[in-house]
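I have placed the structure first, in the form of structure tokens, so that the comments after it can refer back to it.
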Amino acid sequence: MTRIITIANQKGGVGKTTTAINLSAGIAMSGRKVLMIDLDPQGNATTGVGLPKAMPEYSSTTLFTMPEAAASLPVESGIPNLYVIEGAIALLDLESTLADAPDKLYRLRESCSNLKDGFSVIIIDCPPTLGLMTMNALIASDYLLVPIQCEYFSMEGLTQILKVTKDIRLEANTSLELCGILFTMYTPGLKLAEVRAEVVKHFQREVYSTVIARDVALSEAQSFAKTIFDYAPRSVGAKNYIELTKEVLKQWAKDI
């Protein structure tokens, strides 16, 4: 059974793309076939695994303009079991291109239905907005993973995306679940670590026990177009993402 997970937060700089890359790679390392879809016009998930940004017709843009062509888009990443549908700057034009389309919020769901047979897990990396692409991703997905930093403004962003998720569950995707809240760039001992304690108090069952520590190796890995497992396999960041991978797979143990 294919599981589709969206990684989203409308606040930028919280580790969405880092998590998409390294969770995708971690699950692929377990022997499962994984597809990572890059919906960010910046294309950092694409370049972060060593691939170039694609021409529009070969990129994730086509998932919205020609869902019937979805199965032709995945490319090998060079990492065993990990495939990518590349991002492109042309994604910026989708809001206007699809403005009058009555099914504009359901294009990605249709595309994913044409991709499911080939993969155990599909991971969608979203831009830092709650616009068309993120809404499509939430409607197409089984699960939402929300990365947040330990800072007070993150609480506001978390509240907003959970409200949107609740509305989508009521109106467009009854199977959407919050699979977890992931704390990133975490520094134990700082006063802001109190933010994590507050979130745990309100969302205890949804907060991952794994936290992603602040580790310069994670930023360096992306600049060298490598996963943390290839760049610094003994780093704290690599250890953290292995732990997250195990925790996510344990959630899905009966299904994949």
Side-chain angles (χ1 to χ4, degrees), residues 2-12 14 16-17 19-20 24 35-48 51-75 83-119 121-147 157 160-178:
T2 304
R3 288 301 187 194
I4 304 175
I5 179 169
T6 283
I7 299 177
N9 188 330
Q10 70 273 29
K11 190 176 187 303
V14 297
K16 289 189 300 297
T17 298
T19 297
S24 296
L35 173 64
M36 180 174 66
I37 299 176
D38 188 354
L39 292 188
D40 193 332
Q42 297 178 84
N44 291 336
T46 299
T47 58
L51 295 172
K53 296 176 187 177
M55 297 294 289
E57 61 269 29
Y58 301 113
S59 75
S60 56
T61 308
T62 300
L63 297 173
F64 297 87
T65 58
M66 294 180 62
E68 66 275 12
S72 68
L73 297 174
V75 296
Y83 294 75
V84 179
I85 295 181
E86 300 150 292
I89 197 70
L91 287 162
L92 288 172
D93 299 327
L94 284 177
E95 296 272 359
S96 57
T97 301
L98 299 178
D100 298 323
D103 63 341
K104 64 184 178 183
L105 295 177
Y106 299 90
R107 295 290 183 93
L108 187 59
R109 183 161 73 179
E110 182 181 349
S111 288
C112 285
S113 71
N114 294 323
L115 291 163
K116 277 186 174 183
D117 289 345
F119 300 95
V121 180
I122 298 174
I123 293 179
I124 305 172
D125 183 38
C126 292
T129 70
L130 289 176
L132 179 68
M133 286 171 285
T134 300
M135 295 296 284
N136 262 267
L138 291 171
I139 290 171
S141 294
D142 303 300
Y143 298 103
L144 167 66
L145 188 156
V146 185
Q160 290 172 354
I161 195 163
L162 292 183
K163 181 182 182 303
V164 169
T165 301
K166 181 179 178 181
D167 292 341
I168 286 175
R169 191 183 298 119
L170 289 172
E171 298 173 11
N173 181 5
T174 57
S175 65
L176 180 62
E177 298 180 21
L178 175 65

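Judged by distance alone, the side chain of D142 and the main-chain N or O of L176 form no donor-acceptor pair under 3.5 Å. A distance-only check finds a donor-acceptor pair linking the side chain of K16 to the backbone of K11 [under 3.5 Å].
Side-chain atoms of T46 and D38 include a donor-acceptor pair closer than 3.5 Å.
T165 OG1 to L162 CG: the interatomic distance, rounded to the nearest 0.5 Å, is 5.5 Å.
Taking both residues in full, the closest heavy atoms of A70 and P74 are given as O-CD, 3.4 Å, listed atom of the first, atom of the second, then distance. Nearest heavy-atom pair across T2 and F119 is OG1-O, 2.7 Å. Closest heavy-atom contact between I7 and P147: CG2-CG, 3.7 Å. Residues N114 and P67 come closest through the heavy atom pair ND2-O, 3.0 Å. Shown here for L178 and L144, the closest heavy-atom pair between the two residues is CD1-O, 3.4 Å. Residue R169 comes nearest to E177 through the heavy atom pair NH2-CA, 4.4 Å, listed as atom of the first residue, atom of the second, then distance.
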- Message: Quick one, S175 with N173, criterion side-chain hydrogen bond (donor to acceptor under 3.5 Å, both in side chains). Give me CA distance, side-chain angles, the key distance, then yes/no.
- Response: CA-CA 5 Å; S175 65; N173 181 5; 2.8 Å; yes
- Message: The test is side chain to side chain contact (heavy atoms under 4.5 Å, CB included); show your working for I37 and L39 and say whether it passes.
- Response: CA-CA 6 Å; I37 299 176; L39 292 188; 3.8 Å; yes
- Task: Please step through side chain to side chain contact (heavy atoms under 4.5 Å, CB included) for the pair T61 and T97, ending with a clear verdict.
- Result: CA-CA 11 Å; T61 308; T97 301; over 6 Å; no
- Message: Run E86 and K53 through side chain to side chain contact (heavy atoms under 4.5 Å, CB included) and show every step you take.
- Response: CA-CA 6 Å; E86 300 150 292; K53 296 176 187 177; over 6 Å; no
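Inter-residue side-chain proximity for Y143 and R3 is flagged as met; some heavy-atom pair is nearer than 4.5 Å. Contact of the I122 side chain with the I5 side chain is not registered, since no non-hydrogen atoms from C-beta on lie closer than 4.5 Å. No side-chain heavy atom of S111 sits less than 4.5 Å from a side-chain heavy atom of F64. Two residues are said to be in side-chain contact when any heavy atoms from C-beta on lie closer than 4.5 Å; D40 and L91 fail this criterion. Between L94 and T65, the closest side-chain pair of non-hydrogen atoms falls below 4.5 Å.
Evaluation of the side chain to side chain contact (heavy atoms under 4.5 Å, CB included) rule for L73 yields T62, L63, I85 as partners, not counting sequence neighbours.
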Report, one line per pair, each donor and acceptor closer than 3.5 Å where one atom sits in a side chain of residues 124-141; sequence neighbours left out.
unit_1: D125; atom_1: OD2; unit_2: T17; atom_2: OG1; d: 2.9
unit_1: T129; atom_1: OG1; unit_2: G131; atom_2: N; d: 3.3
unit_1: T134; atom_1: OG1; unit_2: T129; atom_2: O; d: 2.8
unit_1: N136; atom_1: OD1; unit_2: R107; atom_2: N; d: 3.2
unit_1: N136; atom_1: OD1; unit_2: L108; atom_2: N; d: 3.0
unit_1: N136; atom_1: ND2; unit_2: K104; atom_2: O; d: 2.8
unit_1: N136; atom_1: ND2; unit_2: L132; atom_2: O; d: 3.0
unit_1: S141; atom_1: OG; unit_2: T6; atom_2: OG1; d: 2.6
unit_1: S141; atom_1: OG; unit_2: A137; atom_2: O; d: 2.7

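Around the CG atom of D100, the shell of radius 6.0 Å holds no more than 12 heavy atoms that belong to other residues, nucleotides or ligands.
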